[in-house]
Protein chains: 2
Amino acid sequence: MTKPLDPQMFDPACPSSVTPIRIGDKWTAMIVICLEDGPRRFSEFLVPLHHVTPKVLTETLRALERDGMVTRTAYPEIPPRVEYELTPLGRSLLDLVDACRTWGDKHLSQLIEARDAYWQRVDSGH
Amino acid sequence: MTKPLDPQMFDPACPSSVTPIRIGDKWTAMIVICLEDGPRRFSEFLVPLHHVTPKVLTETLRALERDGMVTRTAYPEIPPRVEYELTPLGRSLLDLVDACRTWGDKHLSQLIEARDAYWQRVDSGH
DNA sequence: CAGAATCCACATCGATACTG
DNA sequence: CAGTATCGATGTGGATTCTG
């Protein structure tokens, strides 16, 4: 069985939030990472993705389903249960996530330094 | 000397426009590609980037400058001349561009097929 | 030539309330 | 539980006009 997702999985203070690379829309990469170890239910995503609303989560998952990145399986039970799982195509995004992480590990600190220096110059009146 | 940029460098019909990966904002990746072979002037970007407005081009270049990706050199001449050039940090983005291209070459057709199939299912009334 | 200024259309994202 | 429906804030990108 797959373990529960860590609520602290995505630290809002993490500098990766300033990365210039983006996969899909705002929550896409995090959802893909959540699905790395196996299928997940709708409500499971709400735990690590603290501030996502059901509406936006649904939209993002639908887009992933539309593009063949995830499969959606609804079980006809009460209460309802729906599971999302990465397809091989969706799993290929994990390589990109890794590439972005690698780039960030190597270069993000330079970007942040450059940005700080830029504002120093600007704020101190040209 | 660097050769003039090809006006057809970025084909609007190119399927890469549906890629789920994005670097910076809309025109950033294309600008970085334009700078691959050496420094370029403001007006040079306007040739391959057919539909960019000066305002948006300026904003994008400023953001790249702010983040240490490009240097901006203004020559005090009349008429004015300004040159933009990739820094080593900006040049590191070329690796990501390549990673995105590689992903696209391998997987973009699957994405497009999945999307078409999805709309088939939806349009023909579920 | 290389932009700055202004206005505006659109899409994404979020807050809130409600439902099969 | 897993959404849907509605509304509104925000921000990006584009069109147009003007300038050192």
Side-chain angles (χ1 to χ4, degrees), chain A residues 2 4-5 10 12 17-31 34-35 39-67 70-85 115 122 126, chain B residues 4-5 10 12 17-32 34-35 39-67 70-85 115 122 126:
Chain A
T2 54
L5 294 169
F10 303 109
S17 56
V18 299
T19 189
I21 315 123
R22 185 161 147 181
I23 298 175
D25 46 22
K26 181 171 179 181
W27 305 94
T28 304
M30 287 180 265
I31 288 173
C34 288
L35 288 170
R40 296 288 179 184
R41 300 184 58 175
F42 187 87
S43 52
E44 284 190 273
F45 296 113
L46 300 174
V47 176
L49 277 45
H50 306 284
H51 294 309
V52 76
T53 61
K55 175 200 158 199
V56 174
L57 180 56
T58 301
E59 288 170 351
T60 310
L61 287 168
R62 287 281 189 285
L64 283 166
E65 187 193 1
R66 165 176 56 85
D67 289 347
V70 306
T71 55
R72 178 183 183 275
T73 312
Y75 298 92
E77 308 170 355
I78 293 177
R81 182 165 59 96
V82 178
E83 283 194 343
Y84 296 90
E85 187 170 13
R115 193 177 286 191
V122 173
H126 164 296
Chain B
L5 295 169
F10 303 110
S17 56
V18 300
T19 190
I21 316 123
R22 185 163 147 179
I23 298 175
D25 45 21
K26 182 170 179 182
W27 304 93
T28 303
M30 286 180 266
I31 288 173
V32 171
C34 288
L35 289 170
R40 296 286 179 184
R41 301 183 57 173
F42 187 87
S43 51
E44 284 189 273
F45 296 114
L46 299 174
V47 177
L49 276 48
H50 306 285
H51 294 310
V52 77
T53 61
K55 175 203 161 200
V56 174
L57 180 56
T58 301
E59 287 169 353
T60 309
L61 288 167
R62 286 282 188 284
L64 283 165
E65 188 192 1
R66 165 177 55 86
D67 289 347
V70 306
T71 55
R72 177 182 183 277
T73 312
Y75 299 92
E77 309 169 354
I78 293 178
R81 183 165 59 98
V82 178
E83 282 193 345
Y84 296 90
E85 185 169 15
R115 192 177 286 192
V122 172
H126 163 287

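The sequence lines fix the lettering, A, B, ..., with proteins before strands; numbering per chain opens at 1.
B:D67 has its side chain out of reach of A:V18: every pair of non-hydrogen atoms, C-beta onward, lies at least 4.5 Å apart. Side-chain contact check for B:V70 versus B:V32: every heavy-atom pair is 4.5 Å or farther apart. Side chains of A:C34 and A:F10 form a contact here, defined as non-hydrogen atoms less than 4.5 Å apart. Using a 4.5 Å heavy-atom threshold, the side chains of B:T28 and B:D25 count as touching. By the 4.5 Å heavy-atom criterion applied to side chains, A:M30 and A:F45 are not counted as neighbours.
Residue contacts for B:R40: at a heavy-atom cut-off of 4.0 Å it reaches no nucleic acid atom on any strand shown. Heavy atoms of B:Y75 sit nowhere under 4.0 angstrom from any nucleic acid atom.
OP1 and OP2 of C:dG3 both lie 4.0 Å or more from every side-chain N or O belonging to B:R81. An OP1 or OP2 oxygen of C:dA2 is reached within less than 4.0 angstrom by a side-chain nitrogen or oxygen of B:S43. Using a 4.0 Å cut-off, no side-chain N or O of B:R62 falls inside it from OP1 or OP2 of C:dA2. For A:R41 and D:dA2, the shortest distance from a side-chain N or O to OP1 or OP2 is below 4.0 Å.
Here D:dG13 is the nucleotide among D:dA2, D:dG13, C:dG3 with the atom lying nearest to any side-chain atom of B:V56. Taking only side-chain atoms of A:T53, from C-beta outward, the nucleotide of C:dT16, C:dC7, D:dA2 with the closest atom is C:dT16. Residue B:F42 places its side chain closer to C:dG3 than to any other of C:dC13, D:dG13, C:dG3. Considering only the side chain of B:D25, D:dG13 comes nearest among C:dG3, D:dG13, C:dC13. For B:V82, taking side-chain heavy atoms from C-beta onward, the closest of the listed nucleotides D:dT12, C:dC13, C:dG3 is C:dG3. When the nucleotides C:dA2, D:dC1, C:dG14 are ranked by their closest atom to the side chain of B:R72, C:dA2 comes out on top.
The nearest whole Å value for the distance from the CD atom in B:E59 to the C1' atom in C:dT6 is 12 Å. B:F45 has its CZ atom 12 Å from the C1' atom of C:dA2, to the nearest Å. Atom pair A:L46:CG and D:dG3:P shows a separation of 10 Å (rounding to whole Å applied). Rounded to whole Å, atom C1' of C:dA2 lies 13 Å from atom CD of B:E83. Rounded to whole Å, atom C1' of D:dG14 lies 17 Å from atom NE2 of B:H50. B:I78 has its CD1 atom 14 Å from the P atom of C:dC1, to the nearest Å. The distance from atom NE2 of B:H51 to atom P of D:dA15 is 8 Å, rounded to the nearest whole Å. Regarding A:L57, its CG atom lies at a distance of 14 Å from the P atom of C:dA15, rounded to whole Å.
Each of A:K26 and A:P80 lies near DNA chain C, and the nucleotide nearest A:K26 is the one positioned closer to the 5' end.
Nearest heavy-atom pair across B:V52 and B:L46 is CG1-CD2, 3.8 Å.
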